[in-house]
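For reference, the structure is listed below as structure tokens.
As the structure lists them, so they are numbered: ligands from 1, and atoms in each ligand from 1.
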Amino acid sequence: MKISTFKLERFFAAHEFNVKYTLTNSDCEPMSLAELLQLADDESREAWESLKLGYTEYQGAPELRREIARLYSDCTADDVLIAAPEECIFIAMQCLLEKGDHVICTFPGYQSLYELARSMGCEVDLWAPDEGAGWRFDPSFISEHVRPSTRLIVMNFPHNPTGAVLDRASYDTVMNLAAERGITVFSDEIYRFLELDPGLRLPAACDTCDTAVSLFGMSKSFGLAGLRLGWLVTRDRELYDRMGAFKDYTTICSPAPSEILSLIALRARETILGGNLACIGRNLSKLDEFFERREGLLSWNAPAGGSIALVRLHGERTSPEFCSDVLERTGVLILPSTAFDYGEKHFRIGFGRDDMPEALAMLDEYLDSSL
Ligand SMILES: Cc1ncc(COP(=O)(O)O)c(C=O)c1O
């Protein structure tokens, strides 16, 4: 398999674990094992303590899938297939696409959402938002670009990296168009439940349409990326069975400890998500104030959901130059938009972490000293 370098992942591989601060991570504050276990109910604590480290069921533990199904309105535990989030994207693309298929995918974005299709010989049209209109994704792009060979629409809301959330009317337009034309929707919902206004939360695509596939997992909203646990949900039985069988060539089954720990987290979801949203709220008010003060040099469209936003850098400097100078002089890591192949005038900022105010203060000091 020939595939282009995953630029964002290579950037993090080079820097993430040897910098003082990361001001660009997309996950919420990671929980410790001790903190998570404190939230366990009696049944799941007992399951954790008596856990055997053998193989697990390929679809995922039934109790975990039942808990996951509670996040959806029209899907059941039988519609849930557990795998690592990135693995879920890999499995779904391999099972949905063939050479020559046409794909429409939100952009800029998490590279595997469109790169896997390209690597399989598919043609991909990139659906980009309008920065001047608050990162609005116009659904007419889809009707203008759809072709007889369009097999898949890939979307990701809340969106990495802009923090945009599609409005409900546009979502309905996309879902209806896909249903009318027999196009499958793959909806990456990995930042779900981090909508700043719960009224903006879109339905899960797997609930809206019986052929759509939704992706979610523990990495971002729950701050449990180290569990490496996510899931695909679809009511399309034939596709579900093929994706389940494909997993025999990836991980076969998920790690037993991660399954129990995910069950504990899902049962404590109100506490965990509430804590993460509170942290995001605190950080966003600091960022609002920061961008107001730095107007002229930096600007942003405040996000509608998720834990990241895309910031525009005004002036002469490119964002790779800016980010590497910030890193060198302060030890604060920021991701330039070149990692998304999205020009040289933006960078991504992350605000799901407890230490964001310290990292932001260092960036502030840097800006004072470099102006
Ligand atoms: C939109 C999106 N989808 C999927 C993933 C993959 O999640 P994970 O890194 O937990 O495999 C990410 C990670 O950054 C992401 O941003």
Throw together a table of side-chain donor-acceptor distances under 3.5 angstrom for residues 252-259, partners on residues two or more places apart or in other chains.
from: Ser258; atom 1: OG; to: Leu227; atom 2: O; distance (Å): 2.8
from: Glu259; atom 1: OE2; to: Ala61; atom 2: N; distance (Å): 3.1

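Applying the 4.5 Å side-chain rule to ILVMFWY residues, one finds that Tyr249 remains a lone member of its cluster.
Remark: of the listed residues Ile308, Leu287, Leu310, Leu287 is the sole one forming a side chain to side chain contact (heavy atoms under 4.5 Å, CB included) with Ile349.
Note that Arg293 lies outside the cation-pi zone of Phe290, set by a 6.0 Å cut-off to the ring centre and a 45° limit from the axis.
Side-chain contact, Ser26 with Lys220: a donor N or O sits under 3.5 Å from an acceptor N or O.
Every residue two or more places apart in sequence or in another chain that forms a side-chain contact (heavy atoms from CB on, under 4.5 Å) with Ala117 is listed here: Leu97, Val103, Cys122, Val124.
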Short N or O separations between ligand 1 and the protein, below 3.5 Å:
from: ligand 1; atom 1: 3 (N); to: Asp188; atom 2: OD2; distance (Å): 2.5
from: ligand 1; atom 1: 10 (O); to: Ser219; atom 2: OG; distance (Å): 2.5
from: ligand 1; atom 1: 10 (O); to: Arg228; atom 2: NH1; distance (Å): 3.0
from: ligand 1; atom 1: 11 (O); to: Glu86; atom 2: N; distance (Å): 3.0
from: ligand 1; atom 1: 11 (O); to: Arg228; atom 2: NH2; distance (Å): 2.8
from: ligand 1; atom 1: 14 (O); to: Lys220; atom 2: NZ; distance (Å): 2.6
from: ligand 1; atom 1: 16 (O); to: Asn160; atom 2: ND2; distance (Å): 2.8
from: ligand 1; atom 1: 16 (O); to: Tyr191; atom 2: OH; distance (Å): 2.7

